[in-house]
Amino acid sequence: VLVKVYASVGMFDEAVDTLFKVKRGGILLSTNTCNYLMNQLISWEKLDMLESVFRQLKRKGLVPNVYTYGILVKGFCRKGCLEEALDVFRKMKEDGVEPNEFTYGTYIDGLCSNGRVDSGFEFLKSLRVANVQMNVYAYTSIIRRYVKELKLQDAESVLLDMKNAGVVPDVTCYGALIQGYCKTGNILKALALHDEMESTGTKTDCKIVSAIMQCLCKLGLLAEAACRFMDYMELGVFLD
RNA sequence: UGCAAGGGAUG
């Protein structure tokens, strides 16, 4: 069964046909294989094939799991069909599959990348009211989007919100904000956040250091940049 | 470690 799918990794998706012919041969066809295939379809942007594979899957009597629905949500979001993405949640509940952090997180990220970051944040908060606590991924999607729109104060408020909710920001999360401050030339805020991050025991990485370097250089603080560069090297941070 | 979501540069 895996062999057919390998075809779709490298080449075109006649794998779909092959996949469902296999069933006729009586070989077992698994939901996982379909999940993998559907995810590949998304990365090849064959979004319309996604739904047909899903229908095939159900017709063959396979049981979609929480991953399957998560992939569907991602596909609809990628296509910009947010209502249909939301509808997936209804369908999965009908089928007795409970959405998890991944499916909700995927949807929130979809809202954000379709320019509806406010809705994303509202959605997250409404989940919290319903006693569903989201993880750091969902918060980071929102922060990242606010940063991209240069709404640093909104991004900062999300950081506060997540801390209050007891969610610990990780290196990616701090990185998104630090890079935002670097881009706007607010090196003091960037460094302050960087210190806060390290004080919580979260190690920096090369992307963050790179952003700080660029910011320092652009501000003409070459000596400071060089100095920090040496420090990070000595600290054993991987620099590229 | 089997399958789904998140961050930077004129790269």
Legend entry - Donor-acceptor pair (no angle test) under 3.5 Å: A:Ser141 side chain, B:rG6 base: no
Inset, instruction - Using whole Å, report how far CZ of A:Phe89 lies from C1' of B:rA5. - result: 11 Å
Inset, instruction - Spell out yes or no: do the side chain of A:Asp170 and the base of B:rG7 have one donor N/O and one acceptor N/O closer than 3.5 Å? - result: no
Inset, instruction - Give the rounded distance in Å between these two atoms: CZ of A:Phe54 and C1' of B:rA4. - result: 14 Å
Legend entry - Cationic N near anionic O, under 4.0 Å, A:Glu156 to A:Lys189: yes
Legend entry - Atom-to-atom span, CD of A:Gln40 to P of B:rC3 - whole angstrom: 12 Å
Legend entry - Any donor-acceptor N/O pair, A:Thr31 side chain to A:Val63 backbone, under 3.5 Å: yes
Legend entry - Spacing of A:Glu101 atom CD relative to B:rG6 atom P, expressed in whole Å: 15 Å
Inset, instruction - With C1' as the reference atom in both, quote the distance from B:rG7 to B:rG11 in angstrom, rounded to an integer. - result: 16 Å
Inset, instruction - Starting at atom OH of A:Tyr69, determine the distance to atom P of B:rC3, rounded to an integer number of angstrom. - result: 21 Å
Legend entry - B:rA5 base stacked by A:Tyr137 (centroids within less than 5.5 Å, tilt under 30°): yes
Inset, instruction - Return the nearest nucleotide to the side chain of A:Gln179; candidates are B:rG7, B:rG6, B:rA4. - result: B:rG7
Inset, instruction - Compare the minimum distances between each of B:rC3, B:rG7, B:rG6 and the side chain of A:Lys207, then state the nucleotide with the smallest one. - result: B:rG7
Inset, instruction - Ignoring the backbone of A:Val171, work out which of B:rA9, B:rG7, B:rA4 is nearest its side chain. - result: B:rG7
Legend entry - Ring-face cation of A:Lys91 near A:Phe89 (centre distance under 6.0 Å, axis angle within 45°): no
Legend entry - Gap between atoms OH and P, on A:Tyr107 and B:rG6 respectively (whole Å): 17 Å
Legend entry - Separation of atom CG in A:Asn32 from atom P in B:rC3, rounded to whole Å: 9 Å
Legend entry - Donor-acceptor under 3.5 Å (A:Asn65 side chain, A:Tyr67 main chain): yes
Legend entry - NZ/NE/NH1/NH2 to OD/OE distance under 4.0 Å, A:Asp87 and A:Arg90: yes
Inset, instruction - Please check the phosphate of B:rA5 (OP1 and OP2 only) for any side-chain N or O of A:Lys74 closer than 4.0 Å. - result: yes
Legend entry - Selection from B:rG7, B:rA4, B:rG6 that lies nearest to any side-chain heavy atom of A:Asp205: B:rG7
Legend entry - Among B:rG7, B:rA9, B:rG6, the nucleotide that comes nearest once only the side chain of A:Ile208 is considered: B:rG7
Legend entry - Interatomic distance where OH belongs to A:Tyr104 and P belongs to B:rA4 [whole Å]: 21 Å
Inset, instruction - Compare the minimum distances between each of B:rG6, B:rC3, B:rA4 and the side chain of A:Asn35, then state the nucleotide with the smallest one. - result: B:rC3
